[in-house]
Amino acid sequence: MPLPSTPDAYDDVPYFRRSPQPSARARGDGTGAPRTDLRGPTPRPTGSRSGSPGGPVSPATGTGGSPGPPPTGTGGPSAPQAPPAAPRRPAELPPAHATLICVALPGLAISTEQGQLTGTGLEGFYRAGRRMLSRCQVRVAGREPLAVQARMVTADRARFVGTLRMAADAGPDPDVMVERTRYADGTERITLHSTARRPLRVPVEVSLGTDLAELGVVASGSAGPELPASVHDSGLRWSCANGHSTVTAHPPPTDALASAGLLRWELELPPGGSRSVELRVRPDGAGPIRPVGRGATSPLAQVQAAGDDPAAQVLLHTCLEDLEALLLRDPKNPSDTHLAAGAPWRCGMAPADALVAARMTLPLGTRLAAGTLRTLARTQIAGPETQSGMIPGPRRDAGPHLPPGCTGTEATLLFPVLLAEARRWGLPEQETEELLPAAERCLRWLLAAAASGTYLPDPRPGGPLRCETQAHAHRAALLGADLLDTYGRPGGAELRDWASELRTRFGADFWVEGRGGGRPAAARTPDGHLVPHLGAGAAHLLDTGLLGAGEQAPGLLDKVRTEQLARLLGGPAMDSGWGLRSLGAKEAAYNPFGHRSGAVRVQDTAVAVAGLAAAGYEKEASSLLRGVLAAAESFGHRLPEMYAGEQRTAGGAPLPHPAACRPAATAAAAGVLLLTTLVGIRPDAPAGTVTLRPVRSAPLGEIGLTGLRVAGAPFAVRVSRLGLAMVEEAADGLQLGV
């Protein structure tokens, strides 16, 4: 069974009640993709809010104003009216911020810091989105060990330590340590270490149970009771109509009680000795999980960081582990890999997130980008309809000031960008040519969708023109045109002409003038009103993309307005001290926990840092970079997809978001982008050159990166404390550009 695909399509208040979704044509996004996010909301109105001039256009509601009462029979008395239903409260999402999540997809192990799996909340071992074991409680001599430590060891492994006092004369010191090592593949090793001065005969009991519920059902709080167990081989087995689960134990237990779900051992512990019990949780007949990101099968290079700040290597190592833990194979072509969006909620393909993460990790090689592009090319919509050429994607919430947007639009615009930039990093020509037809279809869709005007409209009828979408479209047009020209394909001139007209008009149509110098509008409504709210989406105006010879493509803003945007992004309203807020602190509806209304999204912060550094605004870029690195230390260097945007204070720590994925593909990939931005690698593998544009202020002091991949070969670079870059290893024949 495939993992549930749960793209980023949730509101501030999560719902779990699933209502029938309208068709793609009824929704107007043209993708046909289902909304399956475990955090997905019920549809909310997208009309204008009072006090928010220039907000989104209200959907059509028929003629007249507010709807009147329902008609009653002609000439007869009104039928009795039922009292209005009380508003339904959203189901509480089980908190994930305080859990330890071991990931090696398709396996998950979710635990609290106590170590015991009690069957409450999200706890349990999961495989392919189904909970194989929900309860695993250990008792030694009839008592639960006292939990003293819980920590992640690697992305797929957690260690829990508890203690017991066994001897009556031991005083306050524990003399038995219970160590539990839990793996995402469904393995748990329970080891007892004795420091007692005499041999101990210790009864050990493990109480097991499961409901075999799907993760979405568990998250909604509607999982059923535990299933009855039966004794099976050297353990227990549970069955239901949807699956089977087996726990086997080594060594075999002394007793197995199916009615109580209990396994028992009598362990002999010599003085200073240890004994272990290993449990293996599997679906019937299934073998161990073989994660994609292991050894030679990983598409990501094993990069190392060294320098003045040791936290850089810790962060890079953790980000790589998280990325490898989230790798999935395309079931239609297992040689192609892509990233799941994140755990625990989004363990399936989210097209836009997968493309974003693959683009951010291009310094680690092009294999992930190629696999992601091939996987998504197989989903591309074909046919003569207006959606032809789109990469399907669901709608997602866009914050309090705009209606939901279509991730299919973002994915379709990202596809040719990733292909063009992967070629610059060293994607082989044969693979590029094989993917070129899919990129051409994306670009034809772009021109067709924008044919009615200068801008790329929202795919829903009457939707706003989004600033962020225009930035994505402009970048796709320029990089796509460069790609088409390289291979002698038609369409490049038309794309450049459209991009040129967009640049000419954007500054006049999307800039909100003000005493402080103005700001880019978040969107423009069809009737010409501007949505003036400042959010992290404006950072995408700085992300112009990589052309040949290490040059960045031109952006939609001129130099003066780029400087103003840099000042705004680096100001206290947007820079929380922990990273970039998704909405400015001074904006109406600001909420530090709002995922698009004030929380810090690591992906957006990394885009801002890279864009600011490329544009030469190193002070603002360095401040945001240091903020994320400080937040990463607070999170054990495992970056969540988002956290609260409260202002940083001396001695404080960022507040976790209880619904954030951790690990998350875009957050882990953002860690790679943040560190590689410091050395400023701009490759042009087809031309045999690489240009370096390091951050000359060297915010982390000296830093060196080894194990990168440029032009298909290892690449190493070092930046000194003076901001001077030096290539230490590169492919034969690769020349340093200027």
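- A salt bridge (Lys or Arg N to Asp or Glu O under 4.0 Å) with E278 holds for exactly one of R189, R182, R180; it is R189.
- Look at R359 and D543 and you find a salt bridge, because one of the NZ, NE, NH1 or NH2 atoms lies within 4.0 Å of a carboxylate O, short of that distance.
- With sequence neighbours excluded, no residue forms a salt bridge (charged side-chain N to carboxylate O under 4.0 Å, His left out) with E468.
- Of the N and O atoms on the side chains of E429 and Y487, at least one donor lies less than 3.5 Å from an acceptor on the other residue.
- The number of heavy-atom neighbours closer than 6.0 Å to CZ of R280, taken from other residues, nucleotides and ligands shown, is 12 or below.
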Expected list for residues 659-674: side-chain donor-acceptor pairs under 3.5 angstrom, two or more places apart:
residue : atom : partner : partner atom : Å
R662    : NE   : R638    : O            : 2.7
R662    : NH2  : F635    : O            : 2.5

Checklist line | E123/T118 under side chain to side chain donor-acceptor pair (under 3.5 Å): CA gap, chis, key distance, verdict | finding: CA-CA 7 Å; E123 294 175 39; T118 63; 3.2 Å; yes
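- Between A476 and V417 the shortest heavy-atom distance is CA-CG2, 3.6 Å.
- Between atom CG of residue N242 and atom CG of residue L212 there is a gap of 8.5 Å, rounded to the nearest 0.5 Å.
- Sorted by first and then second residue, the salt bridge (charged side-chain N to carboxylate O under 4.0 Å, His left out) pairs involving residues 96-112 (not counting sequence neighbours) form an empty list.
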Note to self: If you apply the rule side chain to side chain donor-acceptor pair (under 3.5 Å), what do you find for E324 with S298, and how did you get there?
What the structure shows: CA-CA 7 Å; E324 290 179 334; S298 174; 2.9 Å; yes
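- Once rounded to the nearest 0.5 Å, the distance linking CG of D211 with OG of S134 reads 4.5 Å.
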Note to self: Working note: R237 + S239, criterion side chain to side chain donor-acceptor pair (under 3.5 Å); need CA distance, chi angles, decisive distance, verdict.
What the structure shows: CA-CA 7 Å; R237 182 177 186 269; S239 299; 2.7 Å; yes
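- Contact between G707 and V303 at its shortest, heavy atoms only, is O-CG2, 3.7 Å.
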Next item on the list: Test ring pair (Phe, Tyr, Trp, His ring centres under 6.0 Å) on H540 and H472 and set out the steps.
Entry: CA-CA 7 Å; H540 292 275; H472 292 325; 5.0 Å; yes
